[in-house]
Amino acid sequence: MKNKSLVSINDYSTEEIMQILELAKYFEENTEQNLLAGKVIATLFYEPSTRTRLSFESAVQRLGGSIIGFSDSNSSSVTKGESLKDTIMTVANYSDLIVMRHPLDGSARYASEVSNVPIINAGDGANQHPTQTLLDLYSIKKTQGTLKNLNIFLVGDLKYGRTVHSLLLALMDFNPIFNFISHEKLKMPDEYKLLLDARKIKYYEHKEFTDIISEADIIYMTRTQRERFSDQLEYEKTKDTYVLRNAMLINTKPNMKILHPLPRVNEINIDVDDNNKAYYFTQALNGVYVRQAIITKILGLK
Ligand code: CP
């Protein structure tokens with residue numbers, strides 16, 4: 001059971017990723033199914049969430065399954081001092097699968113090692129968010145027709161943003177060119193750049209991107225992750241470094257799409273929302289189909 005967990009995007013081969021994307025396409029066309037009848041899915045969210053938790057819960061309910069869990073660990077026995085291990089071992093007795101978001105890097109891997117049921121990592125600290133990556137890949141493939149040879153702009157908080165870390169790892173097999181646009185203090189960590197170097201994947205780092213925006217196939221905007229800063233003054237200095245505005249999109253490729261894992265704060269002006277290059281709300285919708293695919297794959301349901 002344990003090895004069915006999805007903790008890191010690297011837990012799936014490229015072939016498995018493509019299978020998930022195919023299955024998600026099936027669920028987009030056949031959303032209502034009864035594949036999870038009699039199954040109980042637990043959602044344990046130690047950090048706030050709107051899209052990840054609710055799209056998982058929507059996915060489960062559309063598949064005929066049941067949900068238990070908490071959206072605020074303050075309403076659980078965690079407040080009495082219960083350890084992560086004890087919570088996971090207990091909830092594993094009540095469920096067939098646990099979806100967990102936790103503020104600590106590595107917490108999902110630890111949970112998968114102590115759990116008798118599979119764990120899906122719904123975000124662990126600044127580390128990874130693999131189900132977001134799968135829906136990002138689905139969104140990219142759906143809009144670009146391919147995952148190969150794309151020029152991907154990652155913009156914003158590349159240090160603490162777990163979605164960009166998982167996405168970078170997943171795209172490495174598809175011959176991308178990366179453009180990293182960030183504040184000096186929020187650059188892509190060296191560990192990821194070393195991986196790109198080892199694979200001879202091209203990447204460029206910038207402080208501005210208006211002069212190169214015409215090259216982008218995908219602009220992936222991210223919020224500055226306020227909750228990861230130990231120094232709030234540093235957050236104040238680095239937030240709002242990039243604000244994408246409609247006027248900046250004039251010379252972009254016709255099929256370029258703007259993605260954002262959401263929530264946004266100020267990094268995409270609302271005047272972009274009506275531009276047909278804005279894809280972030282459809283991207284969030286795709287999360288339901290992709291999470292239906294992930295759950296059924298992990299539980300081995302046909
Ligand atoms: N993309 C994402 O993780 O959003 P939530 O924090 O709302 O779940």
Side-chain angles (χ1 to χ4, degrees), residues 6-9 20-21 24 41-62 67 69-74 97-105 107-108 111 119-140 142-143 152 154-171 186 218-229 235 239 242 244 257-268 272-273 278-295:
L6 173 56
V7 171
S8 160
I9 194 66
I20 291 278
L21 303 192
I41 310 300
T43 55
L44 306 185
F45 277 68
Y46 291 80
E47 277 192 337
S49 167
T50 296
R51 277 144 294 272
T52 309
R53 185 173 67 82
L54 295 180
S55 65
F56 261 116
E57 296 190 0
S58 175
V60 170
Q61 295 197 17
R62 287 176 192 282
I67 296 276
F70 53 75
S71 57
D72 177 1
S73 61
N74 287 327
L97 172 69
I98 296 173
V99 179
M100 185 184 84
R101 170 171 289 185
H102 196 282
L104 288 181
D105 294 28
S107 52
I119 299 287
I120 296 180
N121 180 7
D124 63 325
N127 185 33
Q128 286 219 20
H129 193 347
T131 68
Q132 176 71 43
T133 294
L134 289 163
L135 78 90
D136 293 342
L137 294 176
Y138 185 74
S139 301
I140 293 170
K142 197 168 149 188
T143 59
I152 309 285
L154 302 179
V155 185
D157 184 350
L158 308 186
K159 178 179 179 184
Y160 296 120
R162 56 195 173 199
T163 67
V164 290
H165 300 158
S166 299
L167 184 59
L168 176 149
L169 294 174
L171 283 170
L186 299 177
I218 294 290
I219 299 179
Y220 192 98
M221 300 296 296
T222 62
R223 141 187 99 86
T224 305
Q225 307 274 301
R226 183 180 58 191
E227 63 274 31
R228 311 272 174 242
F229 283 74
Y235 168 72
K239 70 172 189 180
Y242 303 102
L244 191 67
K257 290 288 180 270
I258 301 154
L259 272 59
H260 191 313
L262 303 178
R264 80 173 139 183
V265 184
N266 292 320
E267 56 281 351
I268 302 179
V272 176
D273 293 357
Y279 193 74
Y280 27 93
F281 291 116
T282 309
Q283 178 188 2
L285 169 63
N286 291 338
V288 175
Y289 316 131
V290 170
R291 288 175 171 126
Q292 287 182 306
I294 294 166
I295 291 166

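Whatever order the structure lists ligands and atoms in, that order sets their numbers, starting from 1.
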Are there any N/O pairs under 3.5 Å between ligand 1 and the protein, and if so, what are their distances?
residue  : atom  : partner : partner atom : Å
ligand 1 : 1 (N) : Q132    : OE1          : 2.9
ligand 1 : 1 (N) : P261    : O            : 2.8
ligand 1 : 1 (N) : L262    : O            : 3.1
ligand 1 : 3 (O) : T52     : OG1          : 3.0
ligand 1 : 3 (O) : R101    : NH2          : 2.9
ligand 1 : 3 (O) : H129    : NE2          : 2.9
ligand 1 : 4 (O) : R51     : NE           : 3.3
ligand 1 : 4 (O) : L262    : O            : 3.2
ligand 1 : 6 (O) : R101    : NH1          : 2.9
ligand 1 : 7 (O) : T50     : N            : 2.8
ligand 1 : 7 (O) : R51     : N            : 3.0
ligand 1 : 7 (O) : R51     : NE           : 3.2
ligand 1 : 7 (O) : R51     : NH2          : 2.9
ligand 1 : 8 (O) : S49     : OG           : 2.6
ligand 1 : 8 (O) : T52     : N            : 2.9
ligand 1 : 8 (O) : T52     : OG1          : 2.7
ligand 1 : 8 (O) : R101    : NH1          : 3.4
ligand 1 : 8 (O) : R101    : NH2          : 3.3

Requested in this report: Could you verify whether a donor N or O on one side chain and an acceptor N or O on the other, from D157 and Y235, lie under 3.5 Å apart?
Outcome: no
**Report entry** From I20, L134, L135, V60, residue fulfilling side chain to side chain contact (heavy atoms under 4.5 Å, CB included) relative to R291
**Finding:** L135
Requested in this report: Just say parallel, tilted or perpendicular for the rings of Y46 and H102, cut-offs at 30° and 60°.
Outcome: tilted
Requested in this report: Compute whether any side-chain donor of one residue and acceptor of the other, for R223 and H260, lie under 3.5 angstrom apart.
Outcome: no
Query raised in the report: Taking all non-hydrogen atoms of both residues, which atom of A122 and which atom of T52 are closest, and how far apart?
Result: CB-CG2, 3.8 Å
Report summary line: With Q132 as partner, the option from Q283, R162, R51 fulfilling side chain to side chain contact (heavy atoms under 4.5 Å, CB included) is Q283
